Amino acid sequence: MTTVTKAPDIGAIADSADREVDAREPLTELFRDLRTSPQGLAGREAARRTLVYGSNELARRTGRRWPGELLAQFTQPLAILLAVAAGLAWAGGTPALALAVVAVILLNAGFAFVQEMQAEHAVDALAAFLPATAQVLRDGARTEIPARELVPGDVLIIVEGDRVSADARLIDGTITVDLSALTGESVPADRSAGPTEITGSLLDAHDLVFSGTTCTGGEASAVVTRIGMHTELGRIAALSQRGSAQPSPLETQVRRATWIIAVVAVAVGVAFLPIGVWAGLGWSAAISFSIGLIVANVPEGLLPIITLALAVGVRELARKGAVVKRLSAVETLGSTTVICTDKTGTLTENRMTVTRMWLPGTELDATGKVDDPCAAVLAAAAAACTSAQAPTDGQPAGSGDPTELALLRLAAHQNVDVTPAARDATRLAIFHFDAHLKRMTSVDQTDGVVTVHTKGAPETVLPCCEKLDEPTRRELQHTIDRYAADGLRVLAVAHRVYPAGAPAPVRRDEAEAGLTLLGLVAMVDPAREGVADAVASAHRAGIRIHVITGDYGPTAAAIAHQVGIGRIGGRIVAGEELDALSDADLDRLVAGDDEIVFARASPEAKLRICEALRAGGNIVAMTGDGVNDAPALRHADIGVAMGRSGTDVAREAATMVLTDDNFATIVTAVSAGRRVFANVRKFVLYIFAHAVPEVVPFLVFALSGGAIPLPLTVLQILAIDLGTETLPALALGREPAEPGLMDRPPRPRRTGVIDRKLLLRAWLLLGGVSALLVMGGYLYTLVGAGWHLGDPTGPGTALHQAYLQATTVTFAGIVACQIGTAFAARTDRASLFTVGLFSNPLLLWGILFELVFTAAVIYTPWLQDIFGTAALSATQLAIITPFPFIVWGVDEAARWVARRRSVPVLQNREIP
């Protein structure tokens, strides 16, 4: 008789999918609720469940909604203003001008959108987080399947080196799991099958494993309880994707500035429209004049040049190990006032290293070769009691518990031949590390002699040892306390050598009795090279640094002090203390000048710290690598994720990804951000300075009622703003950092790119001098040709050619003044000679292009017809030639006076 097993009804499966399954209930009930067994699922049943539960994948954000984001580029204030100008030009009967302005709008929008897309794609190239495959029991056999095909009820096989693919409950076996992706704790935790407490956090349950964590030792089987976005990993991933990104300071400031420019341009254009008519211009000429004023006031090249400067900053940072997802984040980095950094892997190498060994009666430095037989025995015993694997071509750092890898390196460093292969060949039994006992024991046999090796926390190993007198115990306790105060992790190592022919112990309590203490090993995750210098640089720049970690407080504080963060005896705030603080108390805590170590911090605590700092007006850069860090990364002004050790969810939430996981790269990025901000101000100054000599000719024309011919045409303005101006402005975006840039305090959040000082320098000093020179050259050319006030200069008149040459002098004069302004704008405070005339070769090439382009507009016949220019004589060129030197010289003199005035102030500040 054949027994037919009816497949579970898909509706019943759907009901169980909707019902929350408690992964901590007894295994028999869990198997019943999941409709599975220790033998796993049948292949067809798993396929049916995929229809109900979906794929085991994290729901990534959907692709960029490019139509909407592209259209958003056309709602920028300058784009709207230029669109109004194009409409007026079309209505005024000048379609060529209207088309030219529309081309400017399309160029700005398209270029900004493409650059943002490219910056996003740079991060998409980073590796996916979840593993590609998983080992499961299907149809009673062990098989490998794509991890995305896992479903609740699958029996998952987890072995050392595997990354767990879903949340699961252990059925049998014992494993060590790296939970740092979820908890931030750098020390792996032990997980084993067996009864568990129903209360408390799921992450603390010793028989549960979670998606995204890594098995560093052992082997076990587990039944899958949750997949995809229903896992702990997915829960935090969903939290990190809530809300929208806040605009950066630069985005806010540029938007505010462009609205001001738009309002001023429209107001000036509208105000002078009736003035032009009243002065005797016809409506057509008055409209054309108003359009000219609007176009002259609008810096058409501002947005694409800012975008290019930020894009250059993105590329430079990528070469230095920082991939920036949003262009404006480069500038935000420069205004950072507080850095909240993790410890493991960021300040440290994430590579445990044994630094000291204690032997009865002596203490040794383990960083060098130790010529001591007892030290060799200690290193050999410690290495024998491990299960980690040595480095291979596929895993150059090795695999397994970081502590055990450090012990293997210690043995190799001391020339003790305990390789993993030799170790495994002599092993008879192993009692894995137990979280409650806090020790591990191996039973090994060499040349017929059985030896037990034990390592673990001193407080649990020492009670198992014999022959420890009271003075030795006091010395041990003093040493252990001293090591802990230095932030070192301490292990005690003991052994027992059985007589020849004696049977090996079979029970743990037998093996861990009658031991002889060999000594102590102390290890540390050393600080990264260059981090201390980076911290010092950040402090000089007025940036505070807080350490937020899941690790033990004193250990984190010791590492922080080693690299220069905080002070000896500084504040350590544990997770329980932080949770007890009210929001007001936390605000007061972080408002001080102290640098704090926040230990055992939860994801919610990290988010609270970020919000408290931002509420105090700080611009916060927050580092993180785990999924638990994602909410804080997303809410910080600059979220900094780790590219090597970081999770995919953290990288998605962050604004910047460190490909080298190095804190020093953050400070490098801050310096680059400050330089980018300073360079943005330089080319904004350069661009704004030309508005005055472009506007003044129209005002002179209007206020004279047309008696003075229009000194400049709208198309000539566009030739300046989009032709001669662009490359030098871009070159200013590549200007080297001005001396002392990282020795200044961070600028306040409300400090704008465009402030009163910049506007006075641009419009009054540089612009005013340029306008006087340009109008002087224009009038000198006209008067020299015999022109008198009110004389006609239109086509067919005797003075028309002279008029064309005069407008060309205006055009070329503005270009000449641009050259002087470009050199003046290279420094904000220092003399140009301190940075060198030729230290920015790109600017020299940009000026060369500017001159060639100007010559082409002036001397090429078909371009003369388009732009209304005429060839200039040698005398007229001689008039223009001094313009750059005059403009730069006046500004250099003004900066010299400003520096002289600041000297007494600085001297007074130095008086104690």
Side-chain angles (χ1 to χ4, degrees), residues 94 96-97 100 281 285 288-289 292 295-296 690 692-725 767 769-821 847 849-887:
T94 53
L97 175 58
L281 299 176
S288 179
F289 158 73
V295 174
H690 308 141
V692 178
E694 289 175 358
V695 169
V696 166
F698 286 89
L699 298 182
V700 171
F701 167 70
L703 294 177
S704 69
I708 298 176
L710 187 62
L712 192 66
T713 68
V714 174
L715 285 177
Q716 287 172 352
I717 291 175
L718 291 177
I720 294 169
D721 290 352
L722 299 177
T724 64
E725 179 180 89
V769 172
S770 298
L772 289 174
L773 292 173
V774 166
M775 287 307 300
Y778 170 75
L779 294 173
Y780 178 83
T781 304
L782 271 183
V783 172
W787 173 84
H788 296 86
L789 188 66
D791 287 349
T793 57
T797 63
L799 291 173
H800 183 62
Q801 182 62 26
Y803 169 71
L804 292 179
Q805 285 187 321
T807 58
T808 305
V809 166
T810 305
F811 168 73
I814 292 176
V815 172
C817 291
Q818 278 184 326
I819 296 173
T821 302
I847 290 173
F849 170 82
E850 189 173 18
L851 294 173
V852 171
F853 179 83
T854 302
V857 171
I858 294 174
Y859 293 103
T860 305
W862 65 274
L863 289 177
Q864 290 175 343
D865 295 337
I866 294 175
F867 293 101
T869 57
L872 298 180
S873 66
T875 302
Q876 291 164 338
L877 290 175
I879 294 172
I880 299 169
T881 301
F883 286 7
F885 302 97
I886 297 173
V887 172

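On a predicted model such as this, the values are computed, not experimentally measured, just so you know.
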* Asked: Do you know the tightest heavy-atom contact between T793 and H800?
  -> O-ND1, 2.9 Å

* **With sequence neighbours excluded, residues passing side-chain contact (heavy atoms from CB on, under 4.5 Å) with F885** => none

* To do: Can you measure from CZ (F849) to OG1 (T724) and round to the nearest 0.5 angstrom?
  => 8.5 Å

* Asked: Where the side chain of Y803 meets the backbone of L710, is there a donor-acceptor pair that is under 3.5 Å apart?
  -> yes

* Asked: Which atoms form the tightest heavy-atom contact between Q801 and A870, and what is the distance?
  -> NE2-CB, 3.5 Å

* Do any pairs count as a side-chain hydrogen bond (donor to acceptor under 3.5 Å, both in side chains) and have a residue in residues 778-790, sequence neighbours left out, and if so which ones? -> none

* For the student: nearest non-hydrogen atoms of G786 and D791, plus distance -> O-OD2, 4.0 Å

* Structure fact -> So CD of Q864 and OG1 of T808: to nearest 0.5 Å the spacing works out to 7.5 Å

* Heavy-atom donor-acceptor pair, S704 side chain to F701 backbone, under 3.5 Å -> yes

* With side chains defined as the heavy atoms from C-beta onward, is the minimum distance between I720 and Q818 less than 4.5 Å? -> yes

* Asked: How long is the span from the OG1 atom in T881 to the CD1 atom in I819, to the nearest 0.5 Å?
  -> 9.5 Å

* Structure fact -> Scanning both residues in full, the closest heavy-atom pair of A816 with I880 reads CB-CG2, 3.4 Å

* Structure fact -> I814 and P693 have their tightest heavy-atom pair at CD1-O, 3.7 Å

* **Any residue meeting side chain to side chain donor-acceptor pair (under 3.5 Å) with T807, in chain and number order, not counting sequence neighbours** => none

* What do the steps show when you test F811 against T713 for side chain to side chain contact (heavy atoms under 4.5 Å, CB included), and what is the final call? -> CA-CA 9 Å; F811 168 73; T713 68; over 6 Å; no

* Asked: Atom CD1 of I708 and atom CG of L782: how far apart are they, to the nearest 0.5 Å?
  -> 9.5 Å

* Is the closest side-chain heavy-atom distance between V887 and L773 below 4.5 Å? -> yes

* Chi angles and distances behind the side chain to side chain contact (heavy atoms under 4.5 Å, CB included) call for L712, V774 -> CA-CA 10 Å; L712 192 66; V774 166; over 6 Å; no

* Rounded distance [0.5 Å steps], CD1 in I858 versus CD in Q876 -> 10.0 Å

* To do: Considering non-hydrogen atoms only, spot the tightest contact between T797 and G794 and give its length.
  => OG1-O, 2.5 Å

* To do: List the steps and the verdict of side chain to side chain contact (heavy atoms under 4.5 Å, CB included) for T869 and L863.
  => CA-CA 8 Å; T869 57; L863 289 177; 5.9 Å; no

* Asked: Taking atom CG of L804 and atom CZ of F867, what is their separation to the nearest 0.5 Å?
  -> 14.5 Å

